Amino acid sequence: MDATSARVDAWLWAVRVYKTRSAATAACRAGHVRVNGDRVKAAQPVRPGDELRVRIAGFDRQLVVRRPISKRVGAAVVAESMEDRTPPPPPRESIAFVPMRDRGAGRPTKRERRDIDRLRGRDADDD
């Protein structure tokens with residue numbers, strides 16, 4: 001591979017998207033990495049101007065390659081090597097609240113069950 005390109009898994013590791021190169025390789029293998037809209041294998045070369053969409057923890061990150069690198073570098077060089085076009089996450093107020101029971105609390109009582117059904121918009125008459 002020439003100096004104008006780098007492996008996609010090595011680049012993702014070098015710009016600190018993934019902690020390890022093997023994690024970047026596994027993400028490519030699982031189909032979580034797309035280059036210019038296409039799923040890629042770990043050895044796919046990336047060049048300046050390529051757009052990457054990386055799925056991490058249920059969210060997509062949109063990155064643009066400015067400079068292909070294959071070795072871990074300092075944060076200043078990482079900022080020069082990529083452009084992050086990821087939209088900001090939605091505000092916490094707009095995310096629906098999902099009530100959770102404490103672990104080990106056992107089954108809900110009849111009253112708690114009715115409250116849960118009422119919260120979910122189901123009536124007791126729907127049975």
Side-chain angles (χ1 to χ4, degrees):
M1 222 174 284
D2 53 5
T4 60
S5 66
R7 287 175 56 116
V8 68
D9 62 339
W11 188 82
L12 289 169
W13 168 72
V15 295
R16 300 176 183 176
V17 174
Y18 289 101
K19 284 188 175 185
T20 63
R21 185 162 167 195
S22 61
T25 304
C28 292
R29 196 174 296 130
H32 298 300
V33 179
R34 293 177 179 263
V35 175
N36 298 326
D38 299 325
R39 287 184 177 175
V40 295
K41 294 183 178 181
Q44 173 81 26
V46 290
R47 293 176 177 78
D50 284 347
E51 295 183 19
L52 278 76
R53 185 172 293 243
V54 183
R55 189 140 182 96
I56 301 174
F59 297 102
D60 281 349
R61 285 190 66 187
Q62 299 171 4
L63 309 170
V64 176
V65 179
R66 286 190 177 166
R67 191 170 90 189
I69 56 175
S70 56
K71 300 286 183 184
R72 287 280 264 227
V73 291
V77 179
V78 168
E80 297 170 2
S81 300
M82 74 172 196
E83 178 184 345
D84 195 350
R85 293 186 182 169
T86 306
R92 288 185 164 230
E93 294 82 36
S94 68
I95 299 172
F97 173 71
V98 178
M100 299 292 288
R101 290 182 54 81
D102 291 333
R103 206 170 153 84
R107 292 179 56 173
T109 63
K110 194 172 196 176
R111 175 183 286 171
E112 291 171 339
R113 183 77 225 161
R114 288 178 179 157
D115 291 342
I116 291 169
D117 286 343
R118 200 172 308 116
L119 182 65
R120 290 185 177 164
R122 290 185 256 166
D123 291 332
D125 305 347
D126 293 345
D127 291 341

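Just so you know, these numbers come straight off a predicted model, no measurement behind them.
Each of Val65, Thr25, Val54, Val40 was evaluated against Val8; a single residue qualifies, Val40, per the side chain to side chain contact (heavy atoms under 4.5 Å, CB included) test.
Taking the salt bridge (Lys or Arg N to Asp or Glu O under 4.0 Å) definition, one finds that Asp60 meets it with Arg53, Arg55, sequence neighbours left out. Taking Ala57 as the reference, nothing meets the side-chain contact (heavy atoms from CB on, under 4.5 Å) condition, with sequence neighbours excluded. The salt bridge (Lys or Arg N to Asp or Glu O under 4.0 Å) test applied to Arg113 returns Asp117, not counting sequence neighbours.
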*Kindly determine whether Leu12 and Leu52 satisfy side chain to side chain contact (heavy atoms under 4.5 Å, CB included), including the steps that lead there.*
CA-CA 10 Å; Leu12 289 169; Leu52 278 76; 3.8 Å; yes
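Counting only residues at least two apart or in different chains, salt bridge (Lys or Arg N to Asp or Glu O under 4.0 Å) contacts with residues 20-38 comprise Asp9-Arg21. A salt bridge (Lys or Arg N to Asp or Glu O under 4.0 Å) check over residues 77-89, counting only residues at least two apart or in different chains, returns the pairs Glu51-Arg85, Arg61-Asp84, Arg66-Glu83, Arg67-Glu80, Glu83-Arg85. For residues 11-20, the pairs satisfying side-chain hydrogen bond (donor to acceptor under 3.5 Å, both in side chains) are Thr20-Ser22, with sequence neighbours left out.
Residues Ser70 and Ala14 approach most closely at C-CB, 4.2 Å, considering heavy atoms. Of all heavy-atom pairs spanning Cys28 and Val33, the tightest one is SG-CG2, 3.8 Å. The two atoms that bring Arg47 and Ser5 nearest to each other are CG-CB, 3.9 Å, heavy atoms only. Nearest heavy atoms, Val46 versus Pro68: O-CB, 3.9 Å. Nearest heavy-atom pair across Val15 and Val78 is O-CG1, 3.7 Å.
No single ILVMFWY cluster, assembled from side-chain heavy atoms under 4.5 Å apart, contains both Ile56 and Val64.
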